[in-house]
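Heavy atoms only: backbone and side chains are in, while hydrogens, waters and symmetry mates are out. The model shown is predicted, which means the values in this text are computed figures rather than measured ones.
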Amino acid sequence: MTTPHYDVVIAGAGPAGCAAAIRLRQFDISVCLIDDVQDKIWKIGESLPGAAIRLLDRLGIQNLDQLLTPREYVACVANVAAWGTNDWTYNDAIRNPQSGGWHILRHRFDTALRQLALQKGIAFYTAKIGKITRNNVVETTTKTTYTIAFKTNKKQVPRTIISQWLIDATGRSGAVLKQLNIKRWQFEEQFSAFAWLKPDSTKNLTQTTRIKSVEHGWWYSAKLPDNTRIIAFYGLSNRVSDMVKSSEFFIAEANRSTLLEDSIVQEAILEGVAACNASTSLAQEVTGASWLAIGDAAFSLDPISSQGIFFALYSGIKGAETIATSLGKNSNTAQTLALYKEQIKNVFLANQNSRTHFYTSELRYTTQVYWKQYHQRSKII
């Protein structure tokens, strides 16, 4: 069997990976996606900022109706917060020139982007990425190629493929970066315990995003297009672990926070309480010899920004354009990669400044371990 060759191989077929793949095809570059897709109905990360429509337009998507049905997205009318105080403040979407964005069914959004990628003729292998072998030791990006193996027994998947460029879009796991021995800077400790609530199990608080700071962290909630509701706590690992072990504790703390107007009952929770790492981290290198990282693999944003999908699309598009430029005639690849690295760093620094300002504005709990880490944070880069 002949080993398939591609200009670019992308590990990870989430929003970042699909955005990069679609943008690369617009430059007539051969590309393939690799992902052992496990679509889950309940998937956290449902906020799509209004400004994202400009990025989608770069991919040939003029409006959300091209990706989702009217039942799979709904406008966010306001952000409602009680931060640093018990009083609620409202930031109406009408004051935002880019609108308040949308709440989406995240699993449907991801699936729609993958389907669009397939329609563009992008190869897709449903498998886990295996060993990556660099085929030479020449330190120039124009001469390096990689052989990628798969972790699968599927007959329709070749044993290996060869690519001139690699993109890591595997999220926080950074599967490609790990094989390239690229480490990550980890910032403040933050984990999330989250659950979905059945439709109509709480009062209709309209289509708003709600956040509230409390003694040991902060709470978040949003109503989704299918009338289910996501509710999440962000704090230290020990408290999150206790909430996962005991949904009763999760419910009690949620009710004590008064994030929602009425109390949650045990029967309202769908599929129990889950947890994930929600800390901010940054790859120590986001580019190298014929490779680059995008999305969470490059830089995982603090969830309070609600910019995760936006950054995934942005970095995917910028990463694709970086490679397209590098593959052009008479290109200065080192300079092009340096520009991409600077773009990612600028996003990181802006996010760090914003989150530092936001977290240090909570002055009631500065002696608590969770909040103390923000007030005492030292600058790393």
[X] versus [Y], closest heavy-atom pair with distance:
| X | Y | answer |
| --- | --- | --- |
| Leu33 | Ala117 | CD1-CB, 4.1 Å |
| Trp291 | Glu285 | CH2-O, 3.5 Å |
| Val273 | Ala193 | CG1-CB, 4.1 Å |
| Leu292 | Leu337 | CD2-CD2, 4.4 Å |
| Ser300 | Arg172 | OG-NH1, 3.3 Å |
| Ala298 | Ala293 | CB-O, 3.5 Å |

Does [X] share a hydrophobic cluster with [Y], counting links as ILVMFWY side-chain heavy atoms below 4.5 Å and allowing steps through other members?
| X | Y | answer |
| --- | --- | --- |
| Ile129 | Val157 | yes |
| Leu339 | Phe27 | no |
| Phe310 | Val74 | no |
| Ile162 | Val176 | no |
| Tyr234 | Tyr365 | yes |

Quick check on the 6.0 Å ring-centre criterion: do [X] and [Y] meet it?
| X | Y | value |
| --- | --- | --- |
| Tyr146 | Tyr6 | no |
| Phe233 | Phe250 | no |
| Trp83 | Trp371 | yes |

Which distance, rounded to the nearest 0.5 Å, do you find between the [atom1] of [X] and the [atom2] of [Y]?
| X | Y | atom1 | atom2 | answer |
| --- | --- | --- | --- | --- |
| Ser281 | Lys183 | OG | NZ | 14.0 Å |
| Leu56 | Asn63 | CG | CG | 9.5 Å |
| His375 | Thr367 | NE2 | OG1 | 10.0 Å |
| Leu55 | Ser315 | CG | OG | 9.5 Å |
| Thr2 | His5 | OG1 | NE2 | 9.5 Å |
| Thr228 | Leu105 | OG1 | CG | 7.0 Å |

Just checking, is any N or O donor in the side chain of [X] or [Y] under 3.5 Å from an acceptor N or O on the other one?
| X | Y | answer |
| --- | --- | --- |
| Gln190 | Trp218 | yes |
| Thr336 | Thr325 | no |
| Thr258 | Lys212 | yes |
| Arg210 | Ser221 | no |

Can a donor-acceptor pair be found, under 3.5 Å and without considering hydrogens, that links the side chain of [X] to the backbone of [Y]?
| X | Y | answer |
| --- | --- | --- |
| Lys198 | Glu267 | yes |
| Ser47 | Ser306 | no |
| Ser246 | Phe249 | yes |
| Ser290 | Trp165 | no |
| Asn255 | Ile264 | yes |
| Asn353 | Leu349 | yes |
| Ser331 | Leu327 | no |
| Ser257 | Ala254 | yes |
| Asp35 | Ala13 | yes |
| Asp57 | Ile53 | no |

*Within-4.5 Å side-chain heavy-atom neighbours: Glu72 and Phe109*: no
*Would you indicate whether the side-chain heavy atoms of Ile34 and Lys128 approach each other to under 4.5 Å?*
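Lys128 vs Ile34: side chains apart.
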*For the pair Asp65 and Tyr73, evaluate side-chain hydrogen bond (donor to acceptor under 3.5 Å, both in side chains) and give the outcome as yes or no after the intermediate values.*
CA-CA 9 Å; Asp65 287 336; Tyr73 73 96; 2.5 Å; yes
*Asp7 and Leu24: side-chain contact (heavy atoms from CB on, under 4.5 Å), yes or no, with the steps?*
CA-CA 10 Å; Asp7 294 324; Leu24 284 165; over 6 Å; no
Return the set of residues passing salt bridge (Lys or Arg N to Asp or Glu O under 4.0 Å) with [X] (not counting sequence neighbours), or none when no residue passes.
| X | answer |
| --- | --- |
| Arg58 | Glu321 |
| Arg364 | Glu362 |
| Asp28 | Arg25 |
| Arg256 | Glu253 |

_One pair to check against side-chain contact (heavy atoms from CB on, under 4.5 Å): Val369 and Leu236. What are the steps and the verdict?_
CA-CA 8 Å; Val369 177; Leu236 299 180; 3.6 Å; yes
*Does Glu188 come within less than 4.0 Å of Arg355, counting only side-chain N to carboxylate O?*
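Yes, this pair counts.
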*Please check if atom CD in Gln335 has more than 12 non-hydrogen atoms from other residues, nucleotides or ligands closer than 6.0 Å.*
no
*How far apart are the C-alpha atoms of Gln368 and Val214, what are their side-chain angles, what is the distance that settles it, and do they pass the side-chain contact (heavy atoms from CB on, under 4.5 Å) test?*
CA-CA 10 Å; Gln368 295 297 327; Val214 294; over 6 Å; no
*Could you label the plane-to-plane angle of the Tyr370 and Tyr359 rings as parallel, tilted or perpendicular, counting under 30° as parallel and over 60° as perpendicular?*
perpendicular
*Identify, with sequence neighbours excluded, every residue that meets side-chain hydrogen bond (donor to acceptor under 3.5 Å, both in side chains) alongside His103.*
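Partners of His103 under the side-chain hydrogen bond (donor to acceptor under 3.5 Å, both in side chains) test: Thr209.
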_Trace of the side-chain contact (heavy atoms from CB on, under 4.5 Å) decision for Cys32 with Ile161_ = CA-CA 10 Å; Cys32 101; Ile161 57 177; 3.7 Å; yes
*Member of Asn135, Thr3, Thr160 meeting the side-chain hydrogen bond (donor to acceptor under 3.5 Å, both in side chains) criterion with Thr147*: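 Going through Asn135, Thr3, Thr160 one by one, the side-chain hydrogen bond (donor to acceptor under 3.5 Å, both in side chains) with Thr147 is satisfied by Asn135 alone.
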*Using ring pair (Phe, Tyr, Trp, His ring centres under 6.0 Å) as the criterion, list what pairs up with Phe194, not counting sequence neighbours.*
Trp196
_If you apply the rule salt bridge (charged side-chain N to carboxylate O under 4.0 Å, His left out), what do you find for Arg106 with Asp110, and how did you get there?_
CA-CA 6 Å; Arg106 177 59 188 276; Asp110 289 6; 2.8 Å; yes
*Apply the test side-chain hydrogen bond (donor to acceptor under 3.5 Å, both in side chains) to residues Ser237 and Glu189: give CA-CA distance (whole Å), side-chain angles for both, the deciding distance (0.1 Å), then the verdict.*
CA-CA 8 Å; Ser237 58; Glu189 178 187 335; 2.8 Å; yes
